[in-house]
2 protein chains.
Amino acid sequence: MVAEAKKARKESAQGVTNGKAPPPESPVRKPRADSLRNRERLLVAARQVFAAGGTGASLEAVARDAGVGIGTLYRHFPTREALFQAVYAREVDELVALAEALAEEVEPVSAIRRWLHGMVRMVATKRGMLAALEPALETSQPLFSASSARMQQAAGGLLQRGVELGAIRDDVSAEDVMRAVLGICYIRQDDGWQARTIRLLDIFVDGLVVLR
Amino acid sequence: MVAEAKKARKESAQGVTNGKAPPPESPVRKPRADSLRNRERLLVAARQVFAAGGTGASLEAVARDAGVGIGTLYRHFPTREALFQAVYAREVDELVALAEALAEEVEPVSAIRRWLHGMVRMVATKRGMLAALEPALETSQPLFSASSARMQQAAGGLLQRGVELGAIRDDVSAEDVMRAVLGICYIRQDDGWQARTIRLLDIFVDGLVVLR
DNA sequence: TTAATATACGGAGGTCGCCTCCGTTTAGCA
DNA sequence: TGCTAAACGGAGGCGACCTCCGTATATTAA
């Protein structure tokens, strides 16, 4: 949560790779096998290192564990956040899928509750997920991370449905809700965290419900 | 999570300077004037540096701005959190006082709302406050920081009153509420932050209210 | 005033993590 | 089998953290 200046610097280096239009049909060389292999190794190592050492764990440790140079890590994942997102993409997928399933099967308010519970369950074991989601909420840039955008969209869908059915108040955006939810999840992971967090989220949802 | 070992080390290095038993009743020397002066300078510098550079700003910058050696900073404030707390003690005082005033004057639910609004207003300009409050919620230690303990107590008072009057649900602790509130305040400070945060907190309070 | 001494000062320096840069290696392709 | 784009890796510069200890000074006692 300290690295705001750094991020800005990097962001600007992103979409500039094509100064001139590249051969419209690039010959598209097959990606190198070692590159793919290293990327995979890095993801495995990162998942483990983050699980053990928390979100702030050393990236050099990740590279070391992966048996790879630090330069290679940075080539594959230019920022810590990029790595978070790649590591937790699977989890985000699951949650998005859950949201879609719930939207079709369940009454809207319970759908929201259940979705949040699912999120808590996941965060309980994959703490880094929050880190993958949070940075996009932290900057005021319009550039959203893919993960957060998808999560926010999932939340938005559930919310929207509730609003249309008159069950959920309409004066709050998906973005804000995600912010509150992440915030509530964010602090303190210890014994009893899961149960207490679920209770707090339920209370928040109570506040979202119309008709009192 | 990592700073615990260090602290312990520090503690034990204290009383070894005297090879022979010292006068059991220490004569209590007056604290040195330069010490007091430096402490004050550090607080002033820290307040400014944190305001400008955020919570993660360099402590060496603080020392530099204060015109003081880095060693002096660490002697006065052994941890970053200690410094936060000293810097924002005044703000915490204000909020505690506000809670007490509101408890006597206002209907309990509005009291809670107004208190939270006051908190948001304060955090809007003194971002570091959150950092002063958060660490105590983050560790699972029974050792609470003075600031958080007082805030939590203030929140507890308001809550308790609401519960007794049957206006607030009784299945949630002050600690949990503070956690949720800090979490909601935590992420993202930008244009419109204040208004949106207040709305989210109001929603949360709606969830706390009994009788729906 | 002065001497004694407890107390505080300051910053050099060891450690660590971040990130870049560039010489070297290697996989894919013809 | 060679050519070359692509990828590798790690040295090294930087900045921050924090400790340690020789030096300086405020306070107290004489």
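Every chain is numbered from 1, with letters handed out A, B, ... down the list of sequences. What you see is a predicted model; the values in this text were computed from it and never measured.
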Rounded to the nearest angstrom, tell me the gap between atom [atom1] in [X] and atom [atom2] in [N].
X: A:Tyr74; N: D:dG12; atom1: OH; atom2: P; value: 18 Å
X: A:Arg80; N: C:dG17; atom1: CZ; atom2: P; value: 10 Å
X: B:Phe50; N: D:dA16; atom1: CZ; atom2: P; value: 13 Å
X: B:Arg37; N: C:dT7; atom1: CZ; atom2: P; value: 18 Å
X: B:Leu42; N: C:dG10; atom1: CG; atom2: P; value: 9 Å
X: B:Asp65; N: D:dA16; atom1: CG; atom2: P; value: 12 Å
X: A:Arg64; N: C:dG17; atom1: CZ; atom2: C1'; value: 10 Å
X: B:Lys30; N: D:dT25; atom1: NZ; atom2: C1'; value: 14 Å

Of all pairs that satisfy side chain to side chain donor-acceptor pair (under 3.5 Å), the ones with a partner from residues 40-63 of chain A, not counting sequence neighbours: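 For residues 40-63 of chain A: A:Arg47-A:Glu91.
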Any pair counted as ring pair (Phe, Tyr, Trp, His ring centres under 6.0 Å), so long as it reaches residues 38-69 of chain B, sequence neighbours left out: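 Ring pair (Phe, Tyr, Trp, His ring centres under 6.0 Å) check on residues 38-69 of chain B returns B:Phe50-B:Phe84.
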Sequence-distant partners of A:Asp65, salt bridge (charged side-chain N to carboxylate O under 4.0 Å, His left out), two or more places apart: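 Expected list: none.
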B:Asp170: salt bridge (charged side-chain N to carboxylate O under 4.0 Å, His left out) partners, not counting sequence neighbours: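 Scan of B:Asp170 (salt bridge (charged side-chain N to carboxylate O under 4.0 Å, His left out), adjacent residues dropped) gives none.
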Helix axis bend for the helix from C:dT1-D:dA30 to C:dA30-D:dT1 - C1'-based end axes, five pairs, 10° rounding: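 Roughly 0° between the end axes, to the nearest 10°.
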Pairing residues for A:Arg169 by the side-chain contact (heavy atoms from CB on, under 4.5 Å) criterion, not counting sequence neighbours: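 By the side-chain contact (heavy atoms from CB on, under 4.5 Å) rule, A:Arg169 matches A:Asp171, A:Leu208, A:Val210, B:Ile203, B:Asp206.
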side-chain contact (heavy atoms from CB on, under 4.5 Å) against A:Ala111, all qualifying residues, sequence neighbours excluded: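 Expected list: A:Leu102, A:Val106, A:Leu158, A:Arg161.
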Sequence-aligned protein contact record of nucleotides 3-11 of chain D, with B where the base is within under 4.0 Å of a protein heavy atom and S where only the sugar-phosphate is: -B-BSBBBB
Residue from A:Asp202, A:Asp190, A:Asp191 passing salt bridge (charged side-chain N to carboxylate O under 4.0 Å, His left out) with A:Arg196: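 In the set A:Asp202, A:Asp190, A:Asp191, the residue that makes a salt bridge (charged side-chain N to carboxylate O under 4.0 Å, His left out) with A:Arg196 is A:Asp190.
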Earlier contact from the 5' end, DNA chain D, for B:Ala33 and B:Ser58: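 Closest to the 5' end, via its nearest nucleotide, is B:Ser58.
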Any donor-acceptor N or O pair under 3.5 Å, side chains A:Arg179, B:Thr197: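 A pair is found: one side chain offers a donor N or O, the other an acceptor, under 3.5 Å apart.
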Residue pairs, two or more places apart or on separate chains, that pass salt bridge (Lys or Arg N to Asp or Glu O under 4.0 Å) and touch residues 115-125 of chain A: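 Applying salt bridge (Lys or Arg N to Asp or Glu O under 4.0 Å) to every pair that reaches into residues 115-125 of chain A, excluding sequence neighbours, yields nothing.
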